2 protein chains.
Amino acid sequence: MDIYNLSSRELGLLIYLAQNRAIDKEIEVTTTQIAEFFSISQQTASRCLLKLKEERIILWKSSPKGSLVQLTPTGDSILHQLRFELERALHPDLTSIKLRGVAFSGLGEGKYYISRASYFKEFTSKLGFKPYHGTLNLRINTNDIDRLDLIRGSWPIIIKGFEEEGRRFGDVLCYPLKIPKKTANVAGIIPRRTHYGSNILELISDVYLREILDIVDGDEVVVEFTFEKKKGN
Amino acid sequence: MDIYNLSSRELGLLIYLAQNRAIDKEIEVTTTQIAEFFSISQQTASRCLLKLKEERIILWKSSPKGSLVQLTPTGDSILHQLRFELERALHPDLTSIKLRGVAFSGLGEGKYYISRASYFKEFTSKLGFKPYHGTLNLRINTNDIDRLDLIRGSWPIIIKGFEEEGRRFGDVLCYPLKIPKKTANVAGIIPRRTHYGSNILELISDVYLREILDIVDGDEVVVEFTFEKKKGN
DNA sequence: ATTACTAGTCGCCGAGTAG
DNA sequence: TCTACTCGGCGACTAGTAA
């Protein structure tokens, strides 16, 4: 879903809904209320909601008494993509974002996921390096979560999910990163379904990062995200 | 100019131009290049630029060899308005923004401007208080300039400019503020033509702020901007 | 009250092409 | 090459109205 495929109406409506907290929870709206806010007809408001629903940008339960609306993760991510593009428009000189986080040990899921043949092959071909069989978990500093969300609004490398042994493995989004003064190939990975505002970022690399960086749990790690030329899609 | 009056294409084009640094300077573009980027026809690209020019959102010199484009202050402010709305959409719990700045003495222009009968009357009627005949100049902390720009993206109270004695007095934009723990009526004022990224904010109030706050040049002042319910226009 | 279908109008888009 | 006009078609809007 590309933000530029949305009409201005739909985008405005999405912003309106989000401002009314439709990101976290279902909110009540009526098509008449939307129509008045945007100075359009009630019918158009109805059609816009319908279209957003069809494109799975919102969840919508309509009834003769009114409607309940909530943004889907897709809707949320569209707003973040717009934010990313806008930030770059307003700060064209900004070419990288630094994040600080603290290393911690997870339950080993990262290692498990990377080991899945399907993921491993895609990581290798799309990232251009063979990932070490393990991840370095970072708990991003509270002050930097907003910046993490900004990075997540960029156009990530998408590792496709799959179904295996009756279990669903979802899409994983990869963001190429650098560790200042190190040459290791690094990428931050985040499951697509992770909500914005999360402070967890897992790092994969072609090397054993804990050794290269000489860190243990609790140590601070800085990663840097550098902008590409344009939105790639 | 309301951001919701722009078509999605025009908004996208504006972002594209800004990302290519058309905020600061004239940049070269061709309608074909824009057409390819957005996957539209060259004709539509041409029409979009033409419309943006008519609405004084961009300056555009076109010739058979290509075009030079630059955003007008209006164009810049549209992007900042969008940023403001988007920030509120993504952070609906954020209800106020604090700015830190350092007091300094200007050349007394603020005092001069407020004294102009035309400005004074409008300040009084639109802000709801009689401004003290002087302003408190703040040099906003570098780290907070981005937040100042965010506030400037909101819907300000507009004090209309006028022509007098052969001189042009431009529009002044007012942002209602509060000083933490003080009850004084305060507003930040910024001439409309001031470019974004500026670190100067002038405060007007119904009281003599330097006395109430007990400050001299060089002292730090904190001001707080609180969001209203909705975009007012 | 709501949502949403249908009919009719209007404006926007792309193709062809002129300057 | 550029920009930008005209024209034909289609998509989006409003009004009326059904459910």
Side-chain angles (χ1 to χ4, degrees), chain A residues 1-17 20-22 25-72 75 78, chain B residues 1-17 20 22 25-72 75 78 233:
Chain A
M1 170 52 61
D2 188 321
I3 52 172
Y4 296 111
N5 291 334
L6 287 176
S7 77
S8 151
R9 268 295 128 63
E10 289 160 351
L11 205 54
L13 183 48
L14 206 56
I15 291 174
Y16 173 83
L17 294 172
N20 287 282
R21 301 190 144 70
K25 59 173 201 272
E26 286 183 329
I27 62 166
E28 294 179 30
V29 289
T30 70
T31 51
T32 313
Q33 160 198 342
I34 292 169
E36 275 176 18
F37 185 80
F38 288 103
S39 303
I40 56 175
S41 69
Q42 170 271 323
Q43 295 84 342
T44 298
S46 172
R47 242 176 316 106
C48 280
L49 281 169
L50 209 54
K51 200 175 165 212
L52 288 176
K53 182 184 181 176
E54 280 168 8
E55 290 168 352
R56 302 185 188 286
I57 293 169
I58 60 170
L59 297 173
W60 183 24
K61 300 172 196 160
S62 63
S63 78
K65 289 185 302 186
S67 311
L68 287 175
V69 178
Q70 181 169 9
L71 266 65
T72 63
I78 285 173
Chain B
M1 170 52 59
D2 189 321
I3 51 172
Y4 296 111
N5 291 334
L6 286 176
S7 79
S8 149
R9 246 206 253 305
E10 288 161 352
L11 205 54
L13 183 48
L14 206 56
I15 290 174
Y16 173 84
L17 294 171
N20 286 284
K25 58 174 202 270
E26 287 184 327
I27 62 166
E28 294 180 29
V29 290
T30 71
T31 51
T32 312
Q33 160 197 342
I34 292 169
E36 276 176 16
F37 184 81
F38 289 103
S39 304
I40 57 176
S41 71
Q42 170 271 323
Q43 294 84 340
T44 298
S46 171
R47 249 190 320 239
C48 280
L49 281 170
L50 210 53
K51 199 174 166 212
L52 288 176
K53 182 183 181 177
E54 279 168 9
E55 290 168 350
R56 301 183 187 287
I57 292 169
I58 61 171
L59 297 173
W60 183 23
K61 300 173 197 160
S62 63
S63 79
K65 289 184 302 187
S67 311
L68 288 175
V69 179
Q70 181 169 11
L71 266 65
T72 62
I78 285 173
N233 199 358

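Labels below follow one simple rule: chain letters A, B, ... track the order of the sequence lines, proteins then strands, and each chain is numbered from 1. Owing to the predicted nature of the structure, the values given are computational and were not obtained by experimental measurement. FYI, side chains are in, hydrogens and waters are out, and symmetry mates aren't considered; it's all heavy atoms of this structure.
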Next item on the list: Please report the closest heavy-atom contact between A/Thr72 and A/Leu59, naming both atoms and the distance.
Entry: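 Answer, listing the atom of A/Thr72 first, then A/Leu59: CG2-CG, 3.8 Å.
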
Checklist line | side-chain contact (heavy atoms from CB on, under 4.5 Å) evaluation trace for A/Ile58 with A/Gln70 | finding: CA-CA 6 Å; A/Ile58 60 170; A/Gln70 181 169 9; over 6 Å; no

Check: With a 4.0 Å cut-off on heavy atoms, is A/Ile40 in touch with a base, just the backbone sugar-phosphate, or nothing at all?
Finding: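 If one applies the 4.0 Å heavy-atom cut-off, A/Ile40 turns out to touch the sugar-phosphate alone, with no base involved.
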
Next item on the list: Give one of base, sugar-phosphate or nothing for B/Thr30, where a contact means two heavy atoms less than 4.0 Å apart.
Entry: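 If one applies the 4.0 Å heavy-atom cut-off, B/Thr30 turns out to touch the sugar-phosphate alone, with no base involved.
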
With a 4.0 Å cutoff (strictly under), does any side-chain N or O of [X] reach OP1 or OP2 of [N]?
{"X": "A/Thr44", "N": "D/dA12", "result": "no"}
{"X": "B/Thr32", "N": "D/dC2", "result": "yes"}
{"X": "A/Ser62", "N": "C/dA4", "result": "yes"}

Margin query: For B/Thr31 and A/Ser7, find the nucleotide of DNA chain D closest to each by heavy atoms; which residue's nucleotide sits nearer the 5' end?
Written below: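 The residue mapped nearer the 5' terminus is B/Thr31.
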
Next item on the list: Report yes or no: does A/Thr31 contribute a side-chain atom to a donor-acceptor pair with the main-chain N or O of A/Ala45 at less than 3.5 Å?
Entry: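 No, because the side chain of A/Thr31 does not come within donor-acceptor range (under 3.5 Å) of the backbone of A/Ala45.
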
Can you tell me the distance, in whole Å, between the [atom1] atom of [X] and the [atom2] atom of [N]?
{"X": "B/Leu50", "N": "C/dG11", "atom1": "CG", "atom2": "P", "result": "17 Å"}
{"X": "B/Asn5", "N": "C/dC12", "atom1": "CG", "atom2": "C1'", "result": "17 Å"}
{"X": "A/Gln42", "N": "D/dA15", "atom1": "CD", "atom2": "C1'", "result": "11 Å"}
{"X": "A/Lys51", "N": "C/dA4", "atom1": "NZ", "atom2": "C1'", "result": "17 Å"}
{"X": "B/Arg47", "N": "D/dC5", "atom1": "CZ", "atom2": "P", "result": "10 Å"}
{"X": "B/Ile34", "N": "D/dA4", "atom1": "CD1", "atom2": "C1'", "result": "14 Å"}
{"X": "B/Trp60", "N": "D/dT3", "atom1": "CH2", "atom2": "P", "result": "7 Å"}
{"X": "A/Gln43", "N": "C/dA4", "atom1": "CD", "atom2": "P", "result": "12 Å"}

Check: Does the side chain of B/Leu52 reach to within under 4.5 Å of the side chain of B/Trp60, using non-hydrogen atoms?
Finding: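 No, every pair of side-chain atoms sits at 4.5 Å or beyond.
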
Check: Under 4.5 Å between any side-chain heavy atoms of B/Val69 and B/Asn20, yes or no?
Finding: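 Heavy-atom side-chain distance check fails, nothing below 4.5 Å.
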
Next item on the list: Please list, by residue number, the residues of residues 64-72 of chain A whose heavy atoms come closer than 4.0 Å to an atom of DNA chain D; answer none if no residue qualifies.
Entry: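 None - not one residue of the stretch has a heavy atom sitting under 4.0 Å from the strand.
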
Note to self: How long is the straight-line distance from OH of B/Tyr16 back to CZ of B/Arg9, given to the nearest 0.5 Å?
What the structure shows: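 These two atoms lie 14.5 Å from each other.
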
Margin query: To the closest 0.5 Å, what do you measure between CD1 (B/Ile78) and CG (B/Leu14)?
Written below: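 Between atom CD1 of B/Ile78 and atom CG of B/Leu14 there are 6.0 Å.
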
